[in-house]
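Note that this is a predicted model, so its numbers are computed, not measured. All chains are named by letter (A, B, ...) in the order of the sequence lines, taking the proteins before the strands, and each is independently numbered beginning at 1.
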Number of protein chains: 2
Amino acid sequence: MTARTTSETARDIPEATVARLPVYLRALTTLVEAGTQTCSSEDLAAAAGVNSAKLRKDLSYLGSYGTRGVGYDVDYLRYQIAREIGVTQDWPVVIVGIGNLGHALANYSGFRSRGFRVVALLDADPERHDEVVAGVDVRAFDDLEQIVADQGVAIGVIATPALAAQAVADRMVACGITSILNFAPAVLSVPDGVDVRKVDLSIELQILAYHEQRKAQSA
Amino acid sequence: MTARTTSETARDIPEATVARLPVYLRALTTLVEAGTQTCSSEDLAAAAGVNSAKLRKDLSYLGSYGTRGVGYDVDYLRYQIAREIGVTQDWPVVIVGIGNLGHALANYSGFRSRGFRVVALLDADPERHDEVVAGVDVRAFDDLEQIVADQGVAIGVIATPALAAQAVADRMVACGITSILNFAPAVLSVPDGVDVRKVDLSIELQILAYHEQRKAQSA
DNA sequence: AAGAGTTTGTGAACGCGAGAACAAAACGAG
DNA sequence: CTCGTTTTGTTCTCGCGTTCACAAACTCTT
């Protein structure tokens, strides 16, 4: 339930901050690779593209991991953020819909390197069941339940056409998936307790087009 | 310049509203295809997945296109939103970086159907210059300037690895592109007047992972 | 023509997030 | 040990976005 038991780790982090933590994590990884050991909030904020006051406030929700007058230990902070987000553990993920986008997602190396493991690729089209994409063979959508149960999958990715998306989501929810990343251009309705995040490529372009048009008008 | 001349169409629409207009547009298109002629704010809000008061306020920024006691004319409203966003005209777009994701983007039918025309696919790797993707042949990145000038391109899409992204962005800006959609996991710095929107697949998954972890902890 | 029933458009209250500014804490020099 | 310097963690204020609630406006029935 939503009963929050105010346990040790129960400070709840604002949604806006949660959305930025992965950005900080990536910036810190870059710093580690560059051999940096310590950085100030100013440095990290610049690398992440945000205001330094905002960065410090964000980090303060996690705890006091910096040292006044010195800054942050890059490695230590990186671990703390990774732990807070949950990417120190491995998350099994299923991808449904192996069209162009599904292919790209399956091959995306950024998932694996950040704690996500694609354990299954599913498609309703039997013609695709022969394929092997990124070392994982494409299986029938009907195998969903078994795979989710066997591998303990909690996160599903929908890369199907819009018309199929809701049905796929329903089936995912029914077999226990509680987080969905939706690439289909459709509004999904899911029960409480299930998180849905939507990525819509054409919406992003349309937002750009709006501003572009404004620029052209005022010129 | 940013000098706003308060012309006839100069009410500026809040950013949050702009981001939702494409969602409304899509919902309206669905309604049109279903043969609906009129809809209430309640109907449309449900189709778009938002609160009906928010929808009405959003629409009110565009003008008074509804009829009290009746609702909105679906076709008329759709046109008005499309015009406001700017998707009644055709936007030429270049995509740089034809890897997995670039392929998927080039093939994505949602662009074409929403007023975006992919006029060029560019890649730095000469081995890819033979390919033809989605009816457009892959060309050298060095052709960027000429293509942008010839076709009047204002919008660029970056689908390169992170390391190349900033250089590509700089070059885009230099030749006159003023809107960038960035899929590379990197923070871009661009001059004022250039809009950048970022889509980061692994960040979305990490946000889901955070919430997923919270659910697991409280259980 | 008048009243009942709908539905839009908007004024007002509220809550969240962003950023400025500052106090608290650590370090180093003398 | 003390003072000055640096940088964090936090408080405060402001503005934006969301939502409620209601008046204005339109239709339909009687």
Side-chain angles (χ1 to χ4, degrees), chain A residues 2 4 11-24 27-28 31 36-78 80-81 84 187 203 207 210-211, chain B residues 2 4 11-24 27-28 31 36-78 80-81 84 187 198 207 210-211:
Chain A
T2 55
R4 191 144 300 154
R11 48 219 129 102
D12 45 35
I13 300 176
E15 198 51 39
T17 296
V18 171
R20 280 187 296 267
L21 289 181
V23 180
Y24 303 153
L28 285 166
L31 288 176
T36 313
Q37 305 214 331
T38 301
C39 72
S40 69
S41 63
E42 206 76 47
D43 297 337
L44 184 53
V50 302
N51 182 292
S52 70
K54 180 154 61 179
L55 171 81
R56 287 198 300 276
K57 184 178 281 198
D58 283 343
L59 295 185
S60 77
Y61 290 115
L62 312 188
S64 272
Y65 294 137
T67 308
R68 300 181 190 215
V70 178
Y72 299 94
D73 181 288
V74 175
D75 235 356
Y76 180 60
L77 182 59
R78 188 169 70 116
Q80 292 300 338
I81 293 180
E84 189 73 37
V187 177
I203 284 184
I207 295 172
Y210 170 80
H211 292 296
Chain B
T2 54
R4 191 144 299 156
R11 46 214 131 104
D12 45 36
I13 300 176
E15 198 50 40
T17 297
V18 171
R20 281 187 295 266
L21 290 180
V23 180
Y24 303 154
L28 285 165
L31 288 176
T36 314
Q37 305 214 329
T38 300
C39 72
S40 67
S41 64
E42 206 76 47
D43 297 338
L44 185 52
V50 301
N51 181 294
S52 70
K54 180 153 62 178
L55 171 81
R56 287 198 300 277
K57 181 160 282 201
D58 283 343
L59 295 184
S60 76
Y61 290 114
L62 312 188
S64 270
Y65 294 137
T67 308
R68 299 179 190 217
V70 178
Y72 300 93
D73 181 290
V74 174
D75 234 355
Y76 180 58
L77 182 59
R78 189 169 70 117
Q80 292 299 338
I81 293 180
E84 189 74 37
V187 177
K198 185 179 166 190
I207 296 172
Y210 169 79
H211 292 296

Kindly give the atom pairs (protein nitrogen or oxygen, nucleotide nitrogen or oxygen) under 3.5 Å for nucleotides 22-30 of chain C.
unit_1 : atom_1 : unit_2 : atom_2 : d
C:dA24 : N3     : A:R68  : NH1    : 2.8

Collect all protein-nucleotide pairs involving nucleotides 11-14 of chain C in which both atoms are nitrogen or oxygen and the distance is under 3.5 Å.
unit_1 : atom_1 : unit_2 : atom_2 : d
C:dG11 : O6     : B:K57  : NZ     : 3.4
C:dA12 : N6     : B:K57  : NZ     : 2.9

Which value, rounded to the nearest 0.5 Å, describes the distance between A:T38 atom OG1 and A:L44 atom CG?
-> 12.0 Å
Heavy atoms from other residues, nucleotides or ligands near CD of B:Q37 exceed 12 (cutoff 6.0 Å) | no
Whole-Å distance, B:L77 CG to C:dT7 C1', equals 15 Å
Which residue pairs pass the salt bridge (charged side-chain N to carboxylate O under 4.0 Å, His left out) test with at least one member in residues 41-54 of chain B, sequence neighbours excluded?
-> none
How close do A:A47 and A:A27 get, heavy atom to heavy atom, and via which atoms?
-> CB-CB, 4.0 Å
Taking only side-chain nitrogens and oxygens of B:S41, does any of them come within less than 4.0 Å of OP1 or OP2 of C:dT8?
-> yes
Dump the intermediate steps for side chain to side chain contact (heavy atoms under 4.5 Å, CB included) on A:D73 and A:T67, then the final yes or no.
-> CA-CA 8 Å; A:D73 181 288; A:T67 308; over 6 Å; no
When rounded to whole Å, the NZ to P distance for the pair B:K54 and C:dT8 reads 17 Å
Can you sort out the partners of A:Y24 under side chain to side chain donor-acceptor pair (under 3.5 Å), two or more places apart, ordered by chain and number?
-> A:R20, A:D58
Just how far, in rounded Å, is P of C:dA18 from CD of B:E15?
-> 14 Å
On DNA chain D, reading 5' to 3', which nucleotide is the first and which the last to sit with an atom under 4.0 Å from a heavy atom of chain B, could you check?
-> D:dG17 to D:dT27
Run the numbers on B:Y72 and B:L28 for side chain to side chain contact (heavy atoms under 4.5 Å, CB included), then give the verdict.
-> CA-CA 10 Å; B:Y72 300 93; B:L28 285 165; over 6 Å; no
By nearest-nucleotide position on DNA chain C, the 5'-leaning member of B:E42 and A:R20 is B:E42
Roughly how many Å is it from CG in A:D58 to C1' in C:dG17, rounded to a whole number?
-> 10 Å
Calculate, to the nearest 0.5 Å, the distance between atoms OG1 and CG belonging to B:T17 and B:L62 respectively.
-> 8.5 Å
Using the side chain to side chain contact (heavy atoms under 4.5 Å, CB included) rule, take A:R56 and A:S60 through it: C-alpha gap first, then chi angles, then the decisive distance, then the call.
-> CA-CA 6 Å; A:R56 287 198 300 276; A:S60 77; over 6 Å; no
Check the distance between C:dG19's P and A:L55's CG and give it to me in whole angstrom.
-> 12 Å
Measure across A:S41 and A:S52 and return the closest heavy-atom pair with its distance rounded to 0.1 Å.
-> O-CB, 4.0 Å
Under 4.0 angstrom between A:Y61 side-chain N/O and C:dG17 OP1 or OP2 = no
B:D75 meets the salt bridge (Lys or Arg N to Asp or Glu O under 4.0 Å) criterion, sequence neighbours left out, with B:R78
